[in-house]
Amino acid sequence: MSGGLSRAEMAAWLARDIPEGWYVNLGIGLPTIVADHVPAGREVVFHSENGVLGIGPAPAPEQVDPWLINAGKQPVTLLPGGSYFHHADSFAMIRGGHLDLCVLGAFQVADNGDIANWTTSLSDTAPAIGGAMDLAIGARRLWVLMEHTTRQGLPRIVRRCSYPLTAPGVVRRIYTDLAVIDVTAEGLRVRDLAPGIDFATVQARTDATLLPVSR
Amino acid sequence: MSGGLSRAEMAAWLARDIPEGWYVNLGIGLPTIVADHVPAGREVVFHSENGVLGIGPAPAPEQVDPWLINAGKQPVTLLPGGSYFHHADSFAMIRGGHLDLCVLGAFQVADNGDIANWTTSLSDTAPAIGGAMDLAIGARRLWVLMEHTTRQGLPRIVRRCSYPLTAPGVVRRIYTDLAVIDVTAEGLRVRDLAPGIDFATVQARTDATLLPVSR
Amino acid sequence: MIDKTVHSVAEALDGIADGAVVLLGGFGAVGQANALVEGLIAQGARDLTIVANNAGAGKIGLARLLAAGRVRRVVCSFPRGGAGASVFEELYKAGKVELEIVPQGTLAERLRAAGAGIPAFYTPTGVGTVIAEGRETREIGGRTYLLEYALPGDAALIEAWQADRWGNLTYRASGRNFNPVMATAARLTIVQTTHLVELGVLAPEAIVTPGIFVDRVVRVATPADAQA
Amino acid sequence: MIDKTVHSVAEALDGIADGAVVLLGGFGAVGQANALVEGLIAQGARDLTIVANNAGAGKIGLARLLAAGRVRRVVCSFPRGGAGASVFEELYKAGKVELEIVPQGTLAERLRAAGAGIPAFYTPTGVGTVIAEGRETREIGGRTYLLEYALPGDAALIEAWQADRWGNLTYRASGRNFNPVMATAARLTIVQTTHLVELGVLAPEAIVTPGIFVDRVVRVATPADAQA
């Protein structure tokens, strides 16, 4: 969309808001690159649901360990202090509320915090949930990172999700190429705008009603 | 009781019936000494509910490791191949049916397999269950090892337990100083008699009705 | 002497019956016991229910077993493969295999419950979604939960990094994943490993799966061979 | 830089409030965080509920806390001490402390459930005994089970063999026991250790409690000192 942030800029926008010491799970796709944008020197511990805590930067091609992948099945590295555990323990961390933050991509987010991110149709040939439903309800905070609209220009932030839900009422904040939006009891409130983007532009590309930035 | 086996002989009687390769939990007290009587060269893996598998013989006094105790809080050793795990995993082994055998002491066993082994009174000053209830229902087989009668000469094998139950209908076999008795669908059947002990003597010291050895 | 090692994949797989529920460890390409999974083709069991996180990728392991027509039903969290339609997706579209989708954490917990003697539990995952349809719910402390049941297997096919003759296992890096959980959840747990070690080599504090959960261990030459 | 180490027992215990539910690791004398437990006396919290396998033995740790009159209620599986009546037994007989007896496996599983986001589960343990009185039962697959609820703590006092600044922990031999389970089950998990090591010293495959479960770590001189 015209004037919005690049994907790397979106990831960096979100990464700046992660405090030191948080335990964070990054969903498959766009959220994964958030790890590359954490400000230098800030220790954030990344979790992957396949049993890894303390994920470091992507390895150089010649340093790939085929035994070490993340939930997106990409090769990763482990930082000093990292650890491995099995799937039941990994989801105990998730469902038990031990993650400070989970960042997921989404097809749609509704103004009540509903998220739809696993399938656009129940008649999908092979509908795949993976860890999305556990992550959506388990982490202390769920932030969504996604393009503000679809490639066809349709809003992803809606009054009611038309796609099957991943979880109801769980999204706390949305980062897009246009804005950062908090899900509050009063509704969706714009928290920040991308450079050169004004409130009216964001509202025009949003199905749900937005509240302006409160200063 | 006159003519019966010593405690060591009782333990040895039971130990001979444990096949190689079984995973076995031995209750506190008399059952614990069963480990000392497994025939030489036969590998049996002993489990302790405080997170130890592969317990070896008791250490010499100068070799005691204060970090390594069994469920009876006695110092023990670990065999090559032994392992440590936490309490939830340890009771997953027990409750999940992974132990081939548990040997418990008892105050009373009834002819339907009920066992009472944790308290003789609910008004006890500090009634202590420990792992007894989990062990009684979790192992694939529960054998009881106990004196045939109380010190006062009262039968411990009864038609109905008068003490609070540890678990109903779970005992498979009873080893005493007088006999080995199977708990069967038809009732209690004597399987073996101690040397010099006849059926009538055992029946006379038993409250429940016994069936004779079937040859 | 306890010796759980067997000399061939065929010996390791002996007794898995038609209609069996078979648990397959692994996540992505890591920790898949592919020598055992592919051994099932020669072993001959049909009408299998496969429980695994993924429904097979590429042309190896589970994908080969599916292509051989041995699988009636797949229970998994993420049936989608990589690029292009997988063997599973083609069979599923053609109505030749059934699918039960389970959220990944619920899958792990149902397996863990089966191994731990817990027949059922409540979980927040899936409340308010299609997963909850037709399922019993319960309110506890003001929040709604779904009732989920243990998921035991007849057999589990496990990949371990190291194993000894008692069946003690370690795993390498993210190869751990579902393997230790599934090892506890089956009546017959069968392990392939590249590193068979002497009893006592594995530190008692470092053993992840104690041998009590393991029935048979077979050495395979290398993970690469295993996946050839 | 993440640094969960604190410089004193007092700092480690800061914020534990009157009426708190405090989980104490250990089994027998092994794996008891006695420096922390006894530190609660100076810390001052009253009216505590203590969850522990045993109700204290001898004159150290929990027995001292009990003697100081800080404990209102004990949840445990085995309140009996060694030879002679314990501090707990005397207080219990005098009606000065409440007792909830929980079978040991159910205690471990309730703590594990609290850490794993499972609010309740069914278990076969205790069916047909006094433990089942007044409790909900359910038949599943032809067997009867009890409904048991998660048991979370406000704080957990943990003894680890080694710890690093991220709060990763290892345990020694049977010192593991309830410690890793309780470490997951409390809002505030506090660790005493004799071996504070540099980040990266603990092998990632050998870490038993990942730092995600740990809030504070304090080094104590030796286990013996800790129990002095």
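The shown structure was predicted, so the numbers you read here are calculated from the model rather than taken from an experiment. Below, read A as the first sequence line, B as the second, and so on, with proteins coming before strands; counting in each chain starts at 1.
Applying a 4.5 Å heavy-atom cutoff, none of the residues of residues 136-149 of chain C approach chain B.
Going from atom OH of B:Tyr23 over to atom CH2 of C:Trp166 covers 7.0 Å, rounded to the nearest 0.5 Å. Note that the CD atom of B:Glu43 and the CG atom of C:Leu199 stand 7.0 Å from one another [nearest 0.5 Å]. Residue B:Trp22 holds its CH2 atom at 13.0 Å from CD1 of C:Ile212, rounded to the nearest 0.5 Å. To the nearest 0.5 angstrom, B:Met93 atom CE is 9.5 Å from C:Thr184 atom OG1.
Among B:Gly41, B:Gly21, B:Ala92, the residue with the largest count of heavy-atom pairs under 4.5 Å with chain C is B:Ala92.
Closest of all the heavy-atom pairs between B:Ser83 and C:Ile207 is CB-CD1, 3.8 Å. Residue B:Leu78 comes nearest to C:Pro204 through the heavy atom pair CD2-CB, 3.4 Å, listed as atom of the first residue, atom of the second, then distance.
A donor-acceptor pair is defined here as one N or O able to donate and one able to accept, closer than 3.5 Å; no such pair exists between the side chain of C:Glu205 and the backbone of B:Tyr84.
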Kindly list each side-chain donor-acceptor pair under 3.5 angstrom involving residues 114-128 of chain C, sequence neighbours excluded, with atom names and distances?
from: C:Tyr122; atom 1: OH; to: D:Tyr122; atom 2: OH; distance (Å): 2.8
from: C:Thr123; atom 1: OG1; to: C:Thr125; atom 2: N; distance (Å): 3.3
from: C:Thr125; atom 1: OG1; to: A:Asp134; atom 2: OD1; distance (Å): 2.9

